Amino acid sequence: MPTRGRRISGALLIALAGAALTVTPLPAASAQDRANVSTRTIGLSGESRNIDLLTLSSSPDDADSRPALLVVAGIDATHVTGTRVARHLAERLVSEHADLLNDYTVYIVPLVNPDAASRAAQRPIGSYDLRLTPKPVDHDRDRRMNEDGPNDLNGDGVITQMRIRNPAPGSGLVASHVEHEDDARLMRPADRSKGEVPVFAIMTEGLDDDNDGSVAEDPEGGIDLSRHFPYLWDEFDAVTGDYPLEDPGARALADWMLTRPNLVAVLAYSPHDTLSSIPADGKYDDTRRVPLGIESDDKRAYEQVSEAFVEATGLEKAEGRSNEGSFHGWSYAHLGLYSFSTPLWSVPDSDSDDTEAPAPATDNAGEAEDAETPAGPTMAEIQEMIRIYESGSAEEQEELMKEFNAMPAETQARIMAIASGQPDPQADAAAPEAPASSPRKRSSDINASWIAYADERGEGFVDWETFDHPQFGEVEVGGFVPGFRLNAPPDQIEAIADAQTKFIASLLGMFPAIEVGEPTVKSLGSGVYEVAMRISNTGALPSRPAISEKTRRWPPILIRPQIDDDLVLVGDPIERIDRLEPGQQVDLVWTVRSSQPTLDITITIPESGERSVSIDLSEGN
Amino acid sequence: MHRLITAALISSAAICSTPSLTLAQAHTESKVDIAFNRYYSFEQLVDFMYAFEREYPDLVTTEVIGKSQEGRDMVLVTINNPETGADTDKPAMWIDGSIHANEIQASEVCLYTIWYLTKSYGSNEMLTEIMDRTAFYILPVVNPDSRVYWFEEPSTPNSSRANKRPIDSDRDGLYDEDPPNDLDGDGSITAMWMQEPGGRWRRNERDPRIFERVGPDEEGGWTYLGSEGTDLDGDGRINEDGPGGDDMNRNWPGGWQPNYVQRGAGEYALQNPETKSIADFILSRPNIAAAQSYHNTGGMILRGPGSPTRADMYPRADLAVYDELARTGEEMIPYYRYLIIYEDLYTVHGGFVNWTAETLGIVSFTNELWTTEKYFQRDVRRPNDEQQWLWRDKLAFGDLFTDYTEYDHPEYGTVLIGGPNKWSARSTPTFMLEEECHRNFAFTTYHASEMAELRFGETRVEKLDGDLWSVTFEIRNDRVIPTRTAQAANRGIGQPDVLMVAGAEVITSGTVGSWRDKQINRANPAGQDQSRLLNNRGIGGKDATMFRVVVGAPAGTELEVSYSAEKARDISTTITLED
Ligand SMILES: [Zn+2]
């Protein structure tokens with residue numbers, strides 16, 4: 001059983017994680033490495049917090065004209081792991097893979113929903129749904145706003161769930177679940193097709209504050225950014241926004257991307273998976289044009305990347321949500337970019353051996369510290385920090401946050417480890433307001449794995465305890481701690497960041513590489529020349545995903561001889577190449593009339609800008 | 001003779017500002033003098049809007065709701081009489097024009113609407129009554145940049161439809177670098193023709209202005225080269241990357257689809273400053289119950305859906321509303337036909353009225369102004385060339401045509417340039433413009449007048465036992481449009497209506513189907529506050545809903561009953577508990 005203290009400290013964890021990401025210096029990186037990182041703000045959130053963009057490149061001036069990978073995290077602020085790993089990634093890449101940053105640019109947007117992240121400290125844990133921006137929404141459409149949020153009935157500091165055995169007729173509650181046969185702590189839907197009679201009504205821990213027969217159906221919060229992008233956007237849902245990209249932060253991210261033709265691929269750290277398992281291919285929406293997953297012609301590329309991912313991370317399975325309205329779905333199906341997503345972490349196999357089992361969250365003060373940094377705070381100091389944070393005023397908390405942000409990454413990780421436990425207000429699949437999900441296992445099987453893992457860690461699940469509910473009589477309160485099933489333990493962040501660094505290095509290594517061959521010239525007499533040039537892709541991935549041939553969002557590779565088009569006898573004065581398979585070569589041939597000694601040809605590659613080659617026409621004689 | 005005197009009186013009235021003189025002619029003069037036999041530039045339209053605000057300060061307010069792509073003000077006019085309530089407390093009609101900027105008369109119809117309504121307030125009984133219980137939000141120019149362009153730059157009847165957000169139409173990395181060019185300097189983009197062997201066109205013998213296609217075995221001698229222009233970017237193609245833009249009538253978040261499904265859609269719904277400003281305004285006004293977005297051309301009263309996949313968003317109850325309004329409209333505007341966008345025209349994803357009707361539950365039409373039948377005042381849907389020439393020569397005296405002239409074209413050599421100019425199609429001829437404005441204004445005002453207006457109908461109080469009373473009452477809507485469309489009710493759009501009862505303890509509340517019903521058939525769920533009854537279905541068009549409350553209070557108690565709907569004015573009454 002988790003102690004009350006450990007569960008509550010999850011609030012500190014999220015608060016610190018969210019705040020840490022809004023600062024830009026990378027404490028662990030050397031000054032020289034830091035020069036390869038520039039930070040700017042691409043826009044403001046609804047509450048005017050910065051949406052930060054880190055640009056990793058050996059040459060900040062050229063960063064926007066090199067093939068680029070964009071890493072985005074914190075679309076769902078519940079997914080603290082994504083935001084933390086994204087930040088670590090910046091450090092790792094500049095310090096361990098500076099060479100890659102000579103050829104490629106890595107952009108990182110670590111937190112798209114800072115407004116929700118700023119509410120991570122709101123108590124009790126789970127009382128604010130960290131998926132949601134703070135825009136006011138009347139979720140239950142009763143002309144009253146936020147009048148029925150969850151309530152921490154048992155006073156343990158965490159919003160979990162409530163189950164009611166055989167709800168009384170007239171209570172307005174309907175039984176839908178039964179106890180799981182393997183573990184009575186778990187609930188599963190009754191199988192009516194087998195004549196099973198449902199026993200339990202299950203809902204979020206709370207009161208029916210507005211006496212409308214529903215519990216916790218109108219909490220704070222407005223737009224779920226993970227369902228807020230224009231791709232397959234649901235226009236009739238209360239939390240998807242009045243229109244896609246209504247949220248200024250999400251819109252700023254989208255608008256910035258639209259100006260970046262050097263983007264090759266997008267990697268989202270979010271509770272969606274396209275990497276452990278690749279999306280279904282060849283399935284379309286009702287226009288028969290917009291893919292629900294990926295185009296069949298992109299399957300091979302996605303498999304290649306998935307292999308590299310699994311090899312680097314060992315993450316063979318991951319739970320995923322529906323991708324309707326998702327950022328990564330939009331980046332793929334509307335923009336035409338390679339687009340991937342991973343939750344970064346999944347339920348560890350309960351039968352895993354000791355070496356794979358996560359290390360317990362303990363004080364890791366024994367680890368060698370960077371010689372330049374002073375020794376970190378003592379255990380007692382950290383506990384004092386937590387205590388001050390938990391009970392302190394807003395000013396004290398802010399002060400503490402500043403202090404925390406100035407600390408070396410190792411120390412931050414240590415504090416996080418001590419704080420331990422992570423909330424997620426929504427991730428329980430059994431909760432009435434849980435998001436649509438497409439888990440590859442039945443959710444009760446997955447929850448069996450989760451509860452085994454919770455037992456192993458001694459946290460993350462609150463055992464059901466009876467409670468005398470003022471409206472429903474005897475109920476039981478318990479269930480998974482919010483966020484537990486979404487976030488890796490703090491002590492694993494470093495290891496995940498390592499794996500991601502490896503994956504990103506191999507992904508960049510697979511990037512398409514457009515080679516422009518030396519032009520050749522042959523004189524046909526009377527000032528007429530045949531000029532030829534070869535363009536090829538020596539990378540491991542096609543120059544653009546197949547979907548790009550639909551979206552036609554980015555300009556093609558353009559090859560233009562710098563000569564009046566009247567003087568081109570054969571060939572197109574502008575050659576366009578939309579897509580090159582790996583290893584594919586395209587030979588371009590023009591017959592031109594010229595009295596000049598040389599002919600210039602400009603080649604514009606959207607990902608890497610314009611270059612020009614000059615041909616000495618006399619060589620053809 | 002009589003007419004001459006009238007004209008003299010009117011003009012002297014305008015000069016001397018003595019409107020009383022006009023009364024003798026049963027003519028209501030406006031304090032903003034506007035002729036409706038001509039078109040106005042964007043700047044002139046804006047000046048008029050501010051003039052209305054100046055001259056009718058009690059009725060008109062203007063508001064800049066945003067800026068266009070090129071930074072022009074989006075000026076919205078609100079017409080409302082604040083003495084009968086704030087605009088936001090009344091059902092409101094949204095009216096706009098010129099989202100397709102080449103469809104120019106749409107703006108004049110909006111202007112006419114402001115002009116006619118303001119001058120009629122206080123002098124015309126019916127319009128005064130309508131204006132006292134409704135509000136109008138009128139945006140005459142949705143697409144200012146392209147209206148300016150259409151008027152000031154060389155255009156065709158069809159060009160400058162989109163907005164001016166630069167788009168690389170030919171995918172060469174350059175934006176808008178090869179537009180059409182007005183080579184003959186007539187202010188329009190006309191056509192280019194070249195004489196060459198094998199040409200598939202010939203000139204009509206009687207009227208050489210007419211080019212006609214030749215049969216498969218005939219020699220024509222002329223080739224059509226497309227619209228007037230040169231190859232400015234040296235790519236061998238002409239006019240392939242003109243100014244702008246997105247088709248902003250594909251840029252709304254109702255069933256929006258990306259460019260590869262819906263051409264002109266933009267990168268995402270409401271990407272454009274124009275559409276986003278409008279959407280933010282409309283979303284801030286849930287009282288908007290009706291919408292009209294004027295376009296041209298073809299003489300149509302259009303309703304959604306734009307796509308067959310959204311046919312289920314027009315439930316039967318809503319169709320009855322659309323049908324009643326539009327059938328009346330067909331009678332009011334000769335040669336206009338009531339049609340369905342996807343069935344009778346083509347599929348549209350992300351259209352404006354699709355968003356307002358399907359996503360927001362607003363009863364919405366698009367009128368396609370002007371139809372060629374009106375040239376001839378009889379059923380000539382597709383006039384042949386000769387009929388058109390009759391029109392252009394005998395009625396328009398050649399003003400719609402630029403004579404062909406030779407031009408030394410840099411790519412083609414000698415070509416002929418000329419043909420019908422930008423005024424030659426789509427826009428209502430100026431001498432018929434006022435009628436077009438009036439009939440459409442009248443239809444839209446009728447549409448507005450049919451927004452829900454609630455009142456209490458019959459009330460019955462029955463003593464059940466001691467201090468226990470059953471009170472049954474009707475709430476009636478005498479207008480065609482319900483307080484909530486069935487689409488809004490089905491999809492959970494907006495807020496439900498709410499009935500509130502005060503002054504006594506409410507034991508139970510709900511609705512009944514008829515006076516004879518003994519039981520409440522849709523009861524407020526037990527445990528809920530019974531003095532507050534949400535009514536998601538709203539009050540239907542030309543219909544009533546009967547409510548029943550059972551209350552506990554001594555005889556003589558006054559029950560305060562009020563009803564509130566987003567798209568109607570709130571009402572309240574007092575019911576005394578007595579036998
Ligand atoms: Zn139009």
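Given the structure is predicted, the values throughout are model-derived calculations rather than measurements. Naming: A, B, ... by sequence-line order, numbering from 1 per chain.
In this structure the side chain of B/Asn536 reaches within 4.5 angstrom of the side chain of A/Arg141, judged on heavy atoms. Two residues are said to be in side-chain contact when any heavy atoms from C-beta on lie closer than 4.5 Å; A/Val290 and B/Val261 meet this criterion. Contact check for B/Asp233 versus A/Ile574: no side-chain heavy atoms found under the 4.5 Å cut-off. Within the 4.5 Å cutoff, the side chain of B/Trp256 has no heavy atoms near those of the A/Glu235 side chain.
Ranked by heavy-atom pairs shorter than 4.5 Å toward chain B, the options A/Asp208, A/Thr604, A/Leu258 are led by A/Leu258. The most heavy-atom pairs under 4.5 Å with chain A, out of B/Ala279, B/Pro253, B/Ala269, come from B/Pro253. Per-residue heavy-atom pair counts under 4.5 Å with chain A were compared for B/Gly492, B/Gly173, B/Gly236, and the maximum is reached by B/Gly492.
Here the closest non-hydrogen pair linking B/Lys276 and A/Arg251 is CD-NH2, 3.1 Å. Contact detail for B/Glu566 and A/Arg143: the closest heavy-atom pair is N-NH1, 4.2 Å.
Put simply, CD on B/Glu358 and CZ on A/Phe236 are 7.5 Å apart, with the number rounded to the nearest 0.5 Å. To the nearest 0.5 angstrom, B/Asn259 atom CG is 9.5 Å from A/Thr551 atom OG1. Atom CZ of B/Arg171 and atom CG of A/Leu558 lie 8.5 Å apart (nearest 0.5 Å). Note that the CG atom of A/Leu245 and the CD atom of B/Gln271 stand 9.5 Å from one another [nearest 0.5 Å]. Going from atom CG of A/Asp242 over to atom CD1 of B/Ile282 covers 12.0 Å, rounded to the nearest 0.5 Å.
Of the two parts of A/Trp233, only the side chain, counted from C-beta on, holds a non-hydrogen atom closer than 4.5 Å to a non-hydrogen atom of chain B. Both the backbone and the side chain of A/Asp212 come within less than 4.5 Å of a heavy atom in chain B. For B/Gln257, the part lying under 4.5 angstrom from a heavy atom of chain A is the side chain only. Heavy-atom distances place the side chain of B/Leu534, and not its backbone, under 4.5 Å from chain A. In this structure, chain B has no heavy atom under 4.5 Å from any part of A/Arg288. Proximity to chain A (any heavy atom under 4.5 Å) is shown, for B/Glu411, by neither the backbone nor the side chain. Using a 4.5 Å cut-off between heavy atoms, A/Asp285 touches chain B through its side chain atoms alone. The parts of B/Ser564 that come within reach of chain A are both its backbone and its side chain, each placing non-hydrogen atoms under 4.5 angstrom from that chain. In this structure, chain A has heavy atoms under 4.5 Å from both the backbone and the side chain of B/Asp172. Both the backbone and the side chain of B/Asp170 come within contact range of chain A, each with at least one heavy atom under 4.5 Å from a heavy atom of that chain. Proximity to chain B is limited to the side chain of A/Ile547, based on heavy atoms less than 4.5 angstrom apart. Neither the backbone nor the side chain of A/Asp234 comes within contact range of chain B, judged by heavy atoms closer than 4.5 Å. At a 4.5 Å heavy-atom cutoff, the contact between B/Leu283 and chain A is made by side-chain atoms alone.
Looking at residues two or more places apart in sequence or on another chain, you find no ring-ring contact (aromatic ring centres under 6.0 Å, His included) involving B/Tyr260.
Applying the 6.0 Å contact sphere to CZ of A/Arg289 captures more than 12 heavy atoms from other residues, nucleotides or ligands. The number of heavy-atom neighbours closer than 6.0 Å to CZ of A/Arg579, taken from other residues, nucleotides and ligands shown, is above 12.
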Side-chain donor-acceptor pairs of residues 329-336 of chain A under 3.5 Å, sequence neighbours excluded:
residue: A/Ser331; atom: OG; partner: A/Phe327; partner atom: O; Å: 3.0
residue: A/Tyr332; atom: OH; partner: A/Glu295; partner atom: N; Å: 2.8
residue: A/Tyr332; atom: OH; partner: A/Asp298; partner atom: OD2; Å: 2.6

